[in-house]
Amino acid sequence: MEYSIKHGDPAKQRTDCLVLGVFSRSQLSPLAQQANKASKGYLQSILKRGDMTGESGQQLMLYDVPGIQAGRVMLIGLGKQKDLNRKGYIKALTSAINSLDKGHAIDALWGLCDLEISDIASIADMVRDTVTHAEESLYQFTETKSEVKKSSRPLKRLGLLLHDKRHLKSAKKSLIQGKAIANGVKFTKDLGNLPGNICTPTYLADQARKLARNQDTLKVQVLDEKQMQKLGMGALLSVSRGSRQPAKLIIMDYQGGKPGAKPVVLVGKGLTFDAGGISLKPGPAMDEMKYDMCGGASVFGTMQACLEMQLPINLIGVVPSSENLPDGNANKPGDVVTSMSGQTIEILNTDAEGRLILCDALTYSERFNPAAVIDIATLTGACIVALGNEASGLMANNETLADELLKAGTRTGDRAWQLPLWDDYQEQLNSNFADMANIGGKGAGTITAACFLSRYTKKFKWAHLDIAGTAWQSGSAKGATGRPVPMLIHFLMERCGQ
């Protein structure tokens, strides 16, 4: 969809539909008040009839409003003004965009970006949120469908109307950022939603090469199994032994910052399908294990958004990619493998494979002399038990880095919650036969998984995002969410002063 920033009298805007806000007790938003004045009180007179009171979720479409150039005026209920937050705003936006897309309005003007919302810091954030969530509300995954139902006259253009001219410059910049973030989220969701028979490690490698085409600032390298064997990546390669699909280590090197400046490194778990290996998962909902590569997909989406915005930062994406399947050559419980770092690992559960591919990727990341390393992984079901589907789990060996990510999550609504990474938990990984076990028992599974990874991060500042509960939705709305791309992009924007 096309987006633009506009300023001026709402009554004089030519558009198929002008969207205005109404709070509880028929209280008009600022731009709605302007439109009401131009209509000589027509909007207020309609509200007095009781068809709409401004309660959250209400909509009212008006045609041929006197004094208004727009063909239609859509009034959106926002609830109590003092209670309006990001969640309520996004709910109203999503509902309105879906109605417009089905209601034959090719062109619309959104008059709610001037609202004061308690947990949205600025007009710039409002613009970014509006674009990203408008795109999300229209998202459909159609690549594997033979027939796709489309609106006969879908919404194609959305203008964002501002009340205060002083915000025009920052809003236009935020519009570009919002579109880039939305495209990154879409790329992440598309990769996540693809089935495992299409989205293989080789497919992901091809997507990385495609992303780098005609890009001077992005270079891609893909290591095959022989190259990884030479590097001693025994942990990563042990996971792919049960699969016919060869493992890949995908490295995307974006140089948008100053030459020689230390890069941020994003390491994304790229398990394109996880059956659990010999420690086989239960059958119900196993299809959702195609989403076990969403950490890797978020690295792809973040990289695409950086390219589109041309962020002045050096960023490296590392995606270890494999399948985890049962086979005569697959890992067995009790096997001992040697990681790239030289540390040995006793595999007590072959379904704890994500940490095996991540640990070698983290060791590999040392060569970049990173400013910070963030790994993103659908790592533990325990994270869903602890935090549900609302927040990603965050653990770090550096509090400043953790705070940056937490603030970025709060700013974008893509939130995380920090869990402890105390040495007390490390002893749960003790093994009689290797330097460590790959699981730590029943208690604190999310934390002990991070403790395992922390043993490979001694040489740099590191944070771990467990997105097992936030990377996809189940049930009737099943699908990838694109998280935590918004958080990661905002973190990177803050790092380079954007």
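From a predicted model like this one, the values you see are computed outputs, not experimental measurements. Numbers here simply count residues along the sequence, with the first being 1.
Side-chain N/O atoms of Ser474 and Glu288 include a donor and acceptor closer than 3.5 Å. Side chain to side chain, Trp462 and Asp375 meet the donor-acceptor criterion of an N or O pair below 3.5 Å. At a cut-off of 3.5 Å, with distance as the only test, a side-chain donor of Thr350 or Ser279 sits close to an acceptor on the other residue. Using a 3.5 Å distance cut-off with no hydrogens or angles, the side chains of Tyr89 and Thr130 do pair a donor with an acceptor. Residues Ser118 and Asn85 have side chains that never bring a donor and an acceptor to within less than 3.5 angstrom of each other. Gln59 and Ser99 are linked by a side-chain donor-acceptor pair at a separation below 3.5 angstrom, with hydrogens and angles left out of the test. Residues Glu135 and Tyr3 have side chains that bring a donor and an acceptor to within less than 3.5 angstrom of each other. Using modelled atom types, one finds no donor on one side chain facing an acceptor on the other under 3.5 Å when comparing Asp360 with Tyr456. In this model, a donor atom of one side chain and an acceptor atom of the other lie less than 3.5 Å apart for Ser339 and Ser341. At a cut-off of 3.5 Å, with distance as the only test, no side-chain donor of Asp253 or Gln221 sits close to an acceptor on the other residue. In the model, Glu390 has no side-chain atom that pairs as donor or acceptor with a side-chain atom of Thr470 under 3.5 Å. A side-chain donor from one of Asp274 and Asn324 sits under 3.5 Å from a side-chain acceptor of the other.
Proximity of a side-chain donor or acceptor of Asp466 to a complementary backbone N or O of Gly393 within less than 3.5 Å is not detected. Within the 3.5 Å criterion, the main-chain N or O of Asn183 finds a donor-acceptor partner in the side chain of Gln304. Asp414 places a side-chain N or O within donor-acceptor distance of the main-chain N or O of Met487, the cut-off being under 3.5 Å. For Thr363 (side chain) and Cys359 (main-chain N/O), a donor-acceptor pair under 3.5 Å exists by modelled atom type. Side chain of Asp125 to backbone of Ile120: no donor-acceptor contact under 3.5 angstrom is found. Judged by distance alone, with hydrogens and angles left aside, the side-chain atoms of Ser95 form no donor-acceptor pair with the main-chain N or O of Ala92 at under 3.5 Å. Put simply, the side chain of Arg209 never gets that close to the backbone of Val222: no donor and acceptor are under 3.5 Å apart. Ser243 places no side-chain N or O within 3.5 Å of a backbone atom of Ser240 that could act as its donor or acceptor partner.
Around the NZ atom of Lys281, the shell of radius 6.0 Å holds more than 12 heavy atoms that belong to other residues, nucleotides or ligands. No more than 12 heavy atoms of other residues, nucleotides or ligands shown are found within 6.0 angstrom of CG on Asp216. Crowding of Arg415 atom CZ: a count of heavy atoms from other residues, nucleotides or ligands under 6.0 Å not exceeding 12.
Among residue pairs with one or both ends in residues 128-150, none qualify as ring pair (Phe, Tyr, Trp, His ring centres under 6.0 Å); sequence neighbours excluded.
Figure legend: cation-pi geometry between Arg495 and Phe491 absent, as NZ or CZ is not positioned both under 6.0 Å from the six-membered ring centre and within 45° of its axis.
Contact annotation: the side chain of Thr217 approaches that of Leu307 to within less than 4.5 Å [non-hydrogen atoms, C-beta and beyond]. Looking at heavy atoms from C-beta onward, Val318 lies in side-chain contact with Phe368 at the 4.5 angstrom threshold. Using a 4.5 Å cut-off on side-chain heavy atoms (C-beta onward), Leu387 and Ser392 make no contact. Residues Met303 and Leu488 form no side-chain contact, since every pair of their non-hydrogen atoms from C-beta on lies 4.5 Å or further apart. Put simply, the side chain of Val299 does not reach to within 4.5 Å of the side chain of Ile250, judged on heavy atoms. Using a 4.5 Å cut-off on side-chain heavy atoms (C-beta onward), Gln207 and Leu191 make contact.
Between Asp190 and Lys186 a salt bridge is recorded (basic side-chain N to carboxylate O distance below 4.0 Å).
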Let's go through Thr446 and Thr380 carefully: what are the C-alpha distance in whole Å and the side-chain angles of both, what is the deciding distance for side-chain hydrogen bond (donor to acceptor under 3.5 Å, both in side chains) to 0.1 Å, and is it a yes or a no? CA-CA 6 Å; Thr446 299; Thr380 65; 2.8 Å; yes

